[in-house]
Amino acid sequence: VSFNLDILVGSDPKIVCAFWVGVAVSAMTLITLAVIIIRRQVNVHRDRVHAKAIAFWKAIIVATPAANIETIPRLLNRDMSGFLEVWNDVHEALRGATTTHLVRIAHQLRLQKRLYKRLALGGFHARLMAIIALGHVKNKESFDRIEKFIDDKNPMISLCAARGLMQIDAGRAISKFVPHIVSRSDWSQGSVATILDEAGAEKVTRELCEATLQAEVDIAPRLIRFLASVSPESAAPIIRKTLLASLDEQLISTCLQVMTTSKDLDCVRPLLTHTRWHVRMQAAVTLGRLGIPGDEDRLVTMLSDAQWWVRYRAAQALMKLGFVKTSGMHRILESQTDVFARDIIKHVMAEEAMGKGAVTEEAMIKRVVTHRTVEAAA
Amino acid sequence: MTYVTAMIDFLQGVPWIYLILSLQWLFLGYFICINLAYLALNFIAAFCITDYMRDHRADYLPKGLASYQPPVSILVPAYNEEGSIVSSIHSLLGMGYPEFEIVVINDGSIDNTLDEVVAAFGMVEFPEAYRRRIDTQPVRKIYASSRYPRVRLIDKDNGGKADSLNAGINCARYPLFCTVDADCILQPDSLLRVVRPFLEDPTTVAVGGVVRVLNGCTVHDGVMEKVDLPRNYLAKFQLVEYLRAFLFGRLGWSPLNALLIISGAFGVFKKERVIAIGGYRSKTVGEDMDLVVRLHQNLRKEKRPYRITFVPDPICWTEVPTDVKSLKTQRMRWQRGLIESLAPNVGALFDRRGGAVSWLALPFMFAFELLGPVIEVLGYVTMIPLWLLGLISYQSFLVFLFLSLGLGVLLSTNALFLEELSFQMYPRLGQQIRLFGIAILENFGYRQMTSLWRFMAVVHWVFSFWQKSHWGEIVRDGSWRRQTGAAKAQSHAPTVL
């Protein structure tokens, strides 16, 4: 049977059509393969240049003494991306420490102008790196340039812009930052907490307190958590007020989780009989953290709660109370007639006994694996 | 010869032959639809990957405070995993995640899985106040490690993977649980990556990640050292197949919130949502897909906003079978699992309030994944004899074969392109060329072979759907393991699942 191209002239039009579709598909396959190969080669080249720039500038940034900053070489355009990566990374690594040396390098290299250019014309990655770098430079002139990005739809850009603004001038930026914390549910909460933490309690507390007091019940738990992590003292009155007045169980649970003062325990104790189990559980945890002599009896009654988690946390809370020693736990165990209460006490006591001394070995294995992963990546 | 000609003349004169002849148009129409659907998924996946890589190419955001990362319970069901379980747990212990626990579930293994774990991690019997929130086979004992506070072990009667996972859920302490197969290797940052959607969108209830082929790679004490292509041809074909399945088969459905499969090898779920629907169903071998389908159904019924998401990061590595028998067992099991997950959900098809799940994903699964192998095999079975009998012209037969193979190769090449757009795990030019060669070769025999097995699974299900499904045995060679010390001795024994 011979197959020749006669089908293209004399055959059924459907077969002719199928043939040409097949040819087009084959051509697309070959084009895709070519694109893959070309892209790969371009990427390999780009990665090589990038890695070279990183190695070069890392050595310079780390090794150049403060007195010799004038001697550092010119920053070539092709090295810009690698330089920014190193420069930003070193800033992150030095979090909290002085970075004047790095800022002087930036001035020496006339970085700011080039960053503005990237901010205006760069792609996503270049723009983000520029926003992060401008935040590290902390020049007040950059504030207005970054400000517009805080409204960007992309959560990465807007959050990085918020951080940059807070780094440049926290006092001015906080009034823009807090409303965004309220409205942007797509922002990573961990990152927001870090930004607030970096700015410091004195700069952010007032705005956060006001926003928390005015917030709707679905937003308030988030804000209370942030407030309690930056300034537990400022959060305490708001927490007390919420515990006394709020009916929202989610909000009450959050307040219980973050409260740090035993002065407000009178608001906590009534919650041990709340209708929702997670509120009872959080109340038990709070008593374990802050409780005083006398609270152990309240916790003992919770060992017979219908919910496993409430029993478990109550038993853990008893263990945590400094004045209930192991002998005290044994006594509580002996006094229990409820089988669930006895089981949960045994469980928690066994857990406590096993926890001691086991952490070190696990930490060691983790270190070894991390070390090997870093080696493999290198 | 005259007899043959007479026979052909006779067949051509019989009316039913026209019916069979018209079937070729049905096959053609089906073929066009399936390929258009795959190309559409490809297109969506390419956009998703580009967006994802743009946002997650570097760690732009300031490191979040650890207290904002939700703690995760990692569930590792194990049945006869004595060769790999210890190194798997070691690999999990090395994860860079602030707070997690590992719950190993020994599902009544008949080898030394239990003893291996007990010895390696200093497990001692623990008086756990066990909560039976989901019914499972009886739990014999619960152990806790005296040396690794994160590790616990449940020893229970054999009840299958779904039953083991349910026991693990009963024991899990944390609000999220992650399922990991005992023979899988995770990257140290896998949990961080897969938990990210839960932080970015609080309505997320489940997240799946890419599973990659481990054969050919080198793993040292649970840590991936070198990524390479497998030597075995069956494994190579599966590698391209996995790229296709995960990079566009799953990623394409994610933006439509219509993802129906989160691989049992690696997925993270909100525990309370899973408990609310009764946990995994142990009557099916496709418990992973069944769970996700039921989650969709339940959440839509309750009118809760939710997301079931897929992240394209290469986060879990698994060893694929390298012998035909094991591969056949696995593929037949997968197809049966697919049928068992879809059959109870026929009513959800084209449900008015079902959204993309009811109107796109489920019809796609029914029409192309469930019936696909049946149509494909019937296509071969009718077309080849028709051609041999001269009832269709050899030109049309060859042209349609050319088109069908061409589209198969194009889809595989597109998957290679998505890989290039994303993580470039096989960066060398030689690897790219070999992968392309495999993408061509797999269309000549391998695909047809797997379709036949899937067809057999459909037929088998039709005649035995009242019987309980079994997992069957899959032999793993474990050649990727490079271990030191005592662990080395264990790795030589082939593992049977």
Bottom line for A/N43: the part with an atom under 4.5 Å from chain B's heavy atoms is side chain
Only pairs of heavy atoms separated by less than 4.5 Å count here; which of B/L407, B/V409, B/D55 has the most with chain A?
B/D55
Please state whether the side chain, the backbone, both or neither of A/I157 comes within less than 4.5 Å of a heavy atom of chain B.
neither
Whatever's closer than 4.5 Å to a heavy atom in chain B on A/Y312 counts as side chain
Interface moiety of A/S185 toward chain B, non-hydrogen atoms closer than 4.5 Å:
backbone
How long is the gap from CZ on B/R54 to CG on A/L128, to the nearest 0.5 Å?
9.0 Å
Where do A/W308 and B/A129 come nearest, in terms of heavy atoms and distance?
NE1-O, 2.6 Å
Out of curiosity, A/F124 CZ to B/D51 CG, how far, rounded to the nearest 0.5 Å?
9.0 Å
Region of A/R311 in contact with chain B, defined by heavy-atom distances below 4.5 Å
neither
Atom CD1 of A/I15 and atom CG of B/L403: how far apart are they, to the nearest 0.5 Å?
12.0 Å
Residues passing the ring pair (Phe, Tyr, Trp, His ring centres under 6.0 Å) test with B/Y426, sequence neighbours excluded, are none
About how many Å separate CZ of A/F19 and CG of B/L398, when rounded to the nearest 0.5 Å?
11.0 Å
Just so I know, are the side chains of A/T32 and B/N414 near enough to count as touching, which here means a heavy-atom distance under 4.5 Å?
yes
Contact part of A/Q41 toward chain B, heavy-atom cut-off under 4.5 Å: side chain, backbone, both or neither?
side chain
Using non-hydrogen atoms only, which part of A/V192 is less than 4.5 Å away from chain B: side chain, backbone, both, or neither?
neither
Under 4.5 Å heavy-atom distance to chain B, tell me which part of A/D89 shows up: side chain, backbone, both or neither.
neither
Which portion of A/M349 sits near chain B, non-hydrogen atoms under 4.5 angstrom
neither
When every non-hydrogen atom of A/F226 is compared with those of B/Y68, the smallest separation belongs to CD2-OH, 3.3 Å
Determine whether the aromatic ring centres of A/H347 and B/Y130 lie less than 6.0 Å apart.
no
Does any heavy atom of chain B fall under 4.5 Å from the side chain of A/R39, the backbone, both, or neither of them?
both
Side chain from CB out, backbone as N, CA, C, O: work out which of these in B/R196 comes under 4.5 Å of a heavy atom of chain A, or both, or neither.
neither
Looking only at heavy atoms, the pair that brings A/L33 and B/T413 closest together is N-CG2, 4.1 Å
Before accepting this row, confirm whether a basic side-chain N of the pair A/E351/B/R152 lies closer than 4.0 Å to the acidic partner's carboxylate O.
no
Test: salt bridge (charged side-chain N to carboxylate O under 4.0 Å, His left out). Region: residues 16-34 of chain A. Which pairs qualify, not counting sequence neighbours?
none
Which bit of A/I132 comes within less than 4.5 Å of chain B, counting heavy atoms only: side chain, backbone, both or neither?
side chain
Looking at A/R225, A/E92, A/M28, which has the largest count of heavy-atom pairs under 4.5 Å with chain B?
A/R225
Non-hydrogen contacts under 4.5 angstrom with chain A: give the residues of residues 427-436 of chain B involved, or none if there are none.
B/P427, B/L429, B/Q432, B/I433, B/F436
Using a cut-off of under 4.5 Å on heavy-atom pairs, state which of B/E200, B/E128, B/R131 scores highest against chain A.
B/R131
Residues, nucleotides or ligands: over 12 heavy atoms within 6.0 Å of A/F340 CZ:
no
Sequence neighbours left out, what passes side chain to side chain contact (heavy atoms under 4.5 Å, CB included) with B/L441? Give chain and number order.
B/Y233, B/F237
Considering non-hydrogen atoms only, spot the tightest contact between A/W309 and B/A172 and give its length.
CZ2-O, 4.4 Å
